[in-house]
Amino acid sequence: MTARTLHPLHTRLQGELQVPGDKSISHRSIIFSALAEGTSTVTNFLDGEDCMSTIAAFQAMGVTIEKSGNTVTIEGKGIDGLQEPTEPINLGNSGTTARLLLGVLAGLPFHFSLFGDASLTKRPMDRVAIPLREMGATIDGRENGSKLPMSVRGGQLSSITFHPPVKSAQVKSGVLLAGLLADGVTEVVEKVATRDHTENMLQAFGGKISKQEETIRIEGGQRLQAIDMQVPGDISSAAFFLVAASLVKDSQVTIENVGLNPTRTGIIDVLKQMGADIVVIEEKAIGGEPVGTITVKQTPLRGITIDGEIIPRIIDELPIIALLATQASGKTIIRDAEELRYKESDRIASVVDTLHALGAKVEATEDGMIIEGNSSLTGAELDSHGDHRIGMMIAVASLIASDDIVLHNPDCIAISYPSFFEDLQKIIG
Ligand code: S3P
């Protein structure tokens with residue numbers, strides 16, 4: 001579909017919903033199952049295009065992976081069971097596949113060539129290639145070895161102590177995965193905590209990893225065992241409905257079975273600080289990840305300043321938070337979020353352009369944006385910029401806009417949330 005016309009909503013949002021499985025956890029479930037010994041079964045796997053790129057990459061290395069709906073079965077043969085692919089690996093749009101896979105490939109005694117789509121080809125890979133080279137891998141690519149297409153010749157790696165130059169779970173995870181295949185103990189010193197699904201899942205598969213203050217340590221050569229696991233709902237997908245319900249008059253929406261890992265729940269903290277009526281009930285832990293139910297009721301909101309340590313905990317939610325801020329009273333300032341420039345689109349530019357086109361008052365800064373509240377949003381003709389989270393932000397904006405919005409390139413929403421419009425429909429009325 002090249003364009004979709006979105007109409008303003010003249011009713012409230014109400015009801016219960018379950019969002020699809022977590023994208024970060026789905027990727028890692030394939031990676032760890034493929035490295036483990038035995039057959040793993042993953043349920044509630046995210047059927048998004050990004051996670052299919054991870055499946056295809058391991059199939060290309062000879063791993064038997066079968067998918068039936070949201071259940072995936074992976075026949076792991078251990079690290080020694082992986083084979084050299086005969087063709088280049090297509091990473092599609094997926095930054096997570098690229099950065100995490102680079103870590104695995106660096107430790108395998110084969111040659112790989114990797115490429116991605118136009119968006120991924122622009123994104124920086126040196127942040128993970130540099131430490132992997134230091135560990136002993138040969139990695140080359142466009143623009144002095146920093147961008148896709150890239151080639152990797154992996155092999156026996158030595159451990160390092162790595163101080164990531166950026167706050168990125170993908171970079172941390174790439175180095176930890178390489179550390180699992182390296183000689184000795186690899187350390188990653190993380191000044192600001194980022195999502196820790198790699199650490200949690202490694203332990204669920206029987207591996208050992210420790211964290212003392214800022215230093216994460218992993219010993220190389222550990223063998224992992226297959227498990228059966230269930231993926232919790234993705235809080236980053238739930239965020240679109242949490243914001244929609246906070247904005248649309250008289251709404252009340254409950255999202256069940258949502259992952260509540262504390263490294264991911266910044267959206268709940270931001271909503272609370274802005275004055276939202278939000279209730280979170282933590283219910284259980286699945287595969288080392290807390291899960292629960294979130295209920296939000298529409299209520300007036302106020303602008304806040306968002307910066308510092310919370311940024312990695314809301315990095316994927318900042319576009320939808322920016323939309324929320326246009327409706328709050330007062331100003332919202334987002335700082336320390338330069339990483340937004342290196343996402344599926346430059347999300348400082350794409351969010352600011354989009355909100356401007358809708359009639360909001362927003363100003364881009366080097367590492368964030370300043371958003372004036374109390375804006376009425378108009379109809380507009382907009383493009384998703386090929387970025388799933390911008391596409392969904394526009395869809396939520398259309399609910400409260402004064403006129404129709406024509407959204408060009410809506411198909412990218414399937415990267416992380418193929419059933420987004422069907423799920424939205426379930427709570428309309
Ligand atoms: C992810 C980490 C984040 C996030 C991405 C998924 C992960 O990227 O934006 O959607 O699964 O590790 P960075 O770690 O590069 O910020």
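Whatever order the structure lists ligands and atoms in, that order sets their numbers, starting from 1.
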Q.
Could you check whether E344 pairs with R389 (Lys NZ or Arg NE/NH1/NH2 to Asp/Glu carboxylate O, under 4.0 Å)?
A. no

Q. Ligand 1 versus R28, non-hydrogen atoms closer than 4.0 Å: side chain, backbone, both, neither?
A. side chain

Q: Examine the proximity of ligand 1 to E339 and report which part, side chain or backbone, both or neither, has a heavy atom under 4.0 Å away.
A: neither

Q.
If you define the side chain from C-beta out and look only at heavy atoms, does anything of T186 sit under 4.5 Å from M135?
A. yes

**Q.** salt_bridge(R341, D346) N-O dist < 4.0 Å
**A.** yes

Q.
Under a 4.0 Å threshold between the charged nitrogen and the carboxylate oxygen, would D22 count as salt-bridged to R264?
A. yes

Q) Using 30° and 60° as the class limits, which term best fits the ring planes of F241 and F420: parallel, tilted or perpendicular? A) parallel

Q) Which protein non-hydrogen atom lies closest to atom 8 (O) of ligand 1, naming both residue and atom, and how far is it? A) K343 NZ, 3.0 Å

(Q) With a 4.0 Å cut-off on N to O distance, would you call K343 and D387 a salt bridge? (A) no

Q. Please state which protein non-hydrogen atom is closest to atom 14 (O) of ligand 1 and give its distance, to 0.1 Å?
A. A169 N, 2.6 Å

Q. Which ligand 1 atoms does S24 reach within 4.0 Å, using its non-hydrogen atoms?
A. 1 (C), 6 (C), 7 (C), 11 (O)

Q. What atoms of ligand 1 come closer than 4.0 angstrom to any heavy atom of Q170?
A. 1 (C), 2 (C), 5 (C), 6 (C), 7 (C), 8 (O), 12 (O), 13 (P), 14 (O), 15 (O)

Q.
Just to be sure I'm reading this right: ignoring hydrogens, which of L318, D316, D196 gets closest to atom 9 (O) of ligand 1? Compare them by their nearest heavy atoms.
A. D316

Q) So which protein heavy atom does atom 15 (O) of ligand 1 come closest to, and at what separation? A) S168 OG, 2.9 Å

Q | Ligand-residue contact atoms, ligand 1 with I315, heavy atoms, under 4.0 Å | A | 9 (O)

Q | Interfacing atoms of ligand 1 (cut-off 4.0 Å, heavy-atom, K23) | A | 10 (O)

Q: Report yes or no: do Q156 and D183 form a side-chain donor-acceptor pair below 3.5 Å?
A: yes

